[in-house]
Amino acid sequence: EGTMRTLNENWRKELKELIKVTAQEIADKHGAKVIVRIEDGYPVLNNNIELTQRAKAAAKQYLGEDKVVDLDLRMTAEDFAYFSQQLPVCFYRLGTGNKALGITANVHNAHFNIDEEALKTGMGLMAWLAIKELESLA
């Protein structure tokens, strides 16, 4: 049992086949039988480059240059990824911590909490991004 995550769907397809072939080869060498069942989980989340660049510029306008940072690639399972398979998307992470209030734990942690001011920031940013996208269509 395990989890398999990749950064692109072509590699995921190749990896699934490689796992099956490797498992069968090992079983054959030892006179065993093997059944490999790989369930498709969440797909790869693909941020649209142009939309993400526009969103990043708009976020800097709304939040300030110092509040918008690039993060390293992550292989997080995310149901939003299904949308990215159908249309252009920009997935971003909104910081919810506040060191001054001692709110520093990551998600999936017993000590996780949020600074509720992040809710206002997040909703304001979402509205601002929508306005900027609509302006780009005019």
Side-chain angles (χ1 to χ4, degrees):
E1 251 184 75
T3 300
M4 179 180 75
R5 297 179 183 177
T6 64
L7 293 175
N8 87 42
E9 290 297 327
N10 290 332
W11 173 231
R12 178 196 292 232
K13 183 178 178 182
E14 288 179 39
L15 183 56
K16 285 166 62 173
E17 187 58 32
L18 182 60
I19 289 169
K20 290 175 184 176
V21 168
T22 303
Q24 189 61 56
E25 288 174 355
I26 292 169
D28 290 347
K29 286 181 182 177
H30 297 282
K33 293 183 180 183
V34 65
I35 297 171
V36 177
R37 182 175 55 113
I38 301 174
E39 296 179 18
D40 286 332
Y42 295 107
V44 171
L45 191 152
N46 292 308
N47 274 348
N48 177 272
I49 293 170
E50 294 81 16
L51 177 59
T52 300
Q53 288 172 342
R54 290 193 307 271
K56 184 176 176 181
K60 286 180 178 182
Q61 287 177 330
Y62 186 78
L63 300 168
E65 290 272 337
D66 63 323
K67 301 284 192 230
V68 179
V69 297
D70 290 322
L71 300 175
D72 292 332
L73 289 175
R74 296 170 53 119
M75 287 197 267
T76 307
E78 175 55 55
D79 54 1
F80 187 80
Y82 288 107
F83 292 111
S84 78
Q85 304 298 306
Q86 303 300 318
L87 39 105
V89 302
C90 172
F91 182 84
Y92 62 90
R93 295 176 59 200
L94 177 69
T96 61
N98 184 326
K99 289 181 184 176
L101 297 176
I103 301 172
T104 59
N106 290 324
V107 297
H108 309 296
N109 178 308
H111 302 286
F112 175 72
N113 195 3
I114 68 167
D115 179 350
E116 292 186 4
E117 288 298 311
L119 300 172
K120 294 178 191 175
T121 302
M123 291 302 97
L125 178 58
M126 292 280 283
W128 181 253
L129 293 174
I131 289 166
K132 295 314 253 178
E133 264 311 288
L134 290 171
E135 285 178 355
S136 76
L137 298 174

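In this structure a side-chain-to-backbone donor-acceptor pair under 3.5 Å is present from Thr121 to Glu117.
One distance of note links CG of Leu51 with OG of Ser136; it measures 8.5 Å at 0.5 Å rounding. Atom NZ of Lys16 is separated from atom CD of Glu39 by 10.5 Å, given to the nearest 0.5 angstrom. Rounding to the nearest 0.5 Å gives a distance of 8.5 Å between CG of Leu18 and CD of Glu25. The line from CG of Leu101 to CD1 of Ile114 is 12.0 Å long, rounded to the nearest 0.5 Å. Residue Arg37 holds its CZ atom at 9.5 Å from CD1 of Ile35, rounded to the nearest 0.5 Å. In this structure, CZ on Arg12 lies 10.5 Å from CD1 on Ile38, to the nearest 0.5 angstrom.
Hydrophobic clustering (ILVMFWY, side-chain heavy atoms < 4.5 Å, transitive): Leu129 and Val89 are in distinct clusters. Cluster annotation: Phe91 is not connected to Val69 through the hydrophobic network of ILVMFWY side chains, with a link wherever side-chain heavy atoms come within less than 4.5 Å. A single hydrophobic cluster is seen to contain both Trp128 and Met126, as judged by linkage of ILVMFWY side chains at heavy-atom distances under 4.5 Å, directly or through other members. Residue Trp11 is not grouped with residue Leu7 when hydrophobic side chains (ILVMFWY) are merged at heavy-atom distances under 4.5 angstrom, including chains of intermediate members. Criterion: ILVMFWY side-chain heavy atoms under 4.5 Å apart, direct or through other members. Under it, Met123 and Ile131 are not part of a common hydrophobic cluster.
Contacts of Tyr92 classified as ring pair (Phe, Tyr, Trp, His ring centres under 6.0 Å), with partners at least two apart in sequence or in another chain: none.
Residue Leu71 qualifies as enclosed at atom CG: its count of foreign heavy atoms under 6.0 Å is above 12. The local environment of CE in Met4 is crowded, with over 12 non-hydrogen atoms from other residues, nucleotides or ligands closer than 6.0 Å. In Glu135, the CD atom is crowded: over 12 heavy atoms of neighbouring residues, nucleotides or ligands sit closer than 6.0 Å. Heavy-atom neighbours of Ile49 CD1 from other residues, nucleotides or ligands within 6.0 Å: at or below the threshold of 12. For Phe83, the CZ atom sits in a loose shell: 12 or fewer heavy atoms of surrounding residues, nucleotides or ligands are nearer than 6.0 Å.
Closest approach of Gly122 to Leu94, counting heavy atoms only: CA-CD2, 3.4 Å. When all heavy atoms are compared, the tightest approach of Leu45 to Glu78 is CD1-CG, 3.8 Å. The heavy-atom pair separating Ala23 from Val36 by the smallest distance is CB-CG2, 3.6 Å. The two residues Cys90 and Ala55 make their nearest non-hydrogen contact at SG-CB, 3.7 Å. Heavy atoms only, all atoms of each residue included: Gly41 and Tyr82 are closest at O-OH, 3.6 Å. Pairing each heavy atom of Ala118 with each of Gly95, the nearest pair is CB-O, 3.7 Å.
Legend: side chain to side chain donor-acceptor pair (under 3.5 Å) pairs involving residues 43-62, not counting sequence neighbours, sorted by first then second residue: Arg54-Glu133, Lys56-Asp70. Sorted by first and then second residue, the pairs that involve residues 96-106 and meet side chain to side chain donor-acceptor pair (under 3.5 Å), not counting sequence neighbours, are Asn98-Asp115.
A 4.5 Å side-chain heavy-atom check between Thr6 and Asn8 finds every atom pair outside the cut-off.
The closest side-chain donor-acceptor pair between Glu14 and Asn10, if any, does not fall under 3.5 angstrom.
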